[in-house]
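In this text the structure is predicted, and so the values were computed from the model without any measurement. Letters go in sequence order (proteins before strands), and every chain restarts at 1.
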Amino acid sequence: MPKRYWLFKSEPSAYSLEDLERDTSTFWDGIRNYQVRNSFRDDVQRGDAVLFYHSSCKVPAAVGLAKVIGLAEPDPTQFDAKAKYYDAGSKRDDPRWLGVTIEFVSRFPRPVPLEELKSDERFDTMLLVQRGQRLSVQPVEKAHFDAIVKMGGKATKKS
DNA sequence: GCCAACGTTGGC
DNA sequence: GCCAACGTTGGC
């Protein structure tokens, strides 16, 4: 199976790339969207590349890279009645929500703002710049991924 | 903080 | 199974 490319959105006030760098790796929990759940379940593989994107902040931008190191597993927060993401309708023997584990790879020397992607026609077909598009984990085409990595000032790592 | 776009819920 | 109401996302 060829390596896939993803974009993970996060509000830096909640969990930033700096947080990931400090933690080295993290379990991506709190996803409560069926499309993303299905991507986690069916498509995300170990070794897939992740563009880390900061949303809902002063300058929304792709800020660096991560990679998938752990396949989908049940998200424990769905069973925790005190958690923000508690889901009373999810059963332990049939968990509704999944998360994956990602690891820090690098921070771009130069973040790539959403605005730049919007003004560059190469990215016209990229999901991220589509109107009303809200998926917090989305597939990215290799060409888009590579172009953004280049704009961020770091060559794509061979792996 | 506004609001457009979207997903989900629930009444019928 | 339709669709209005509601909640959330996320750029601006």
Checklist entry - Please give, in whole Å, the distance from C:dG11 P to A:K58 NZ? => result 15 Å
Item to check | Salt bridge present between A:D87 and A:R96 (N-O < 4.0 angstrom) | outcome: yes
Next on the checklist: Taking only side-chain N and O atoms of A:Y53, does any of them lie within less than 4.0 angstrom of OP1 or OP2 on C:dG11?
Outcome noted: yes
Checklist entry - What integer distance in Å separates A:H54:NE2 from C:dG11:P? => result 12 Å
Checklist outcome for this item: Taken to the nearest whole Å, CG/A:L135 to C1'/B:dT8 is 15 Å
Next on the checklist: Expressed as a whole number of angstroms, how long is the span from A:E115:CD to C:dG11:P?
Outcome noted: 12 Å
Checklist entry - Which word best sums up how the rings of A:F52 and A:W28 line up, parallel for under 30°, tilted for 30 to 60°, or perpendicular for over 60°? => result perpendicular
Item to check | Ion pair A:K91/A:D93, N-O distance below 4.0 Å | outcome: no
Checklist entry - Base, sugar-phosphate, or nothing for A:K118, non-hydrogen atoms under 4.0 angstrom? => result sugar-phosphate
Checklist entry - For C:dT9, does OP1 or OP2 lie under 4.0 Å from any side-chain N or O of A:K9? => result no
Next on the checklist: Using whole Å, what does the distance between atom C1' of nucleotide C:dG10 and atom CD of A:Q138 come to?
Outcome noted: 12 Å
Checklist entry - Roughly, in whole Å, what's the span from CG in A:N33 to P in C:dT9? => result 10 Å
Item to check | Options C:dT8, C:dG10, B:dT8, nucleotide nearest the side-chain atoms of A:R134 | outcome: C:dT8
Checklist entry - Reckon A:S55 touches a base, only the sugar-phosphate, or nothing at all at heavy-atom distances under 4.0 Å? => result sugar-phosphate
Next on the checklist: Below 30° counts as parallel, above 60° as perpendicular, anything between as tilted: where do the rings of A:F40 and A:F8 land?
Outcome noted: tilted
Checklist entry - What is the distance from CZ of A:F8 to P of C:dG10, rounded to the nearest Å? => result 14 Å
Checklist entry - Quick one: A:Q133 CD to C:dT8 C1', roughly how many Å, whole number? => result 14 Å
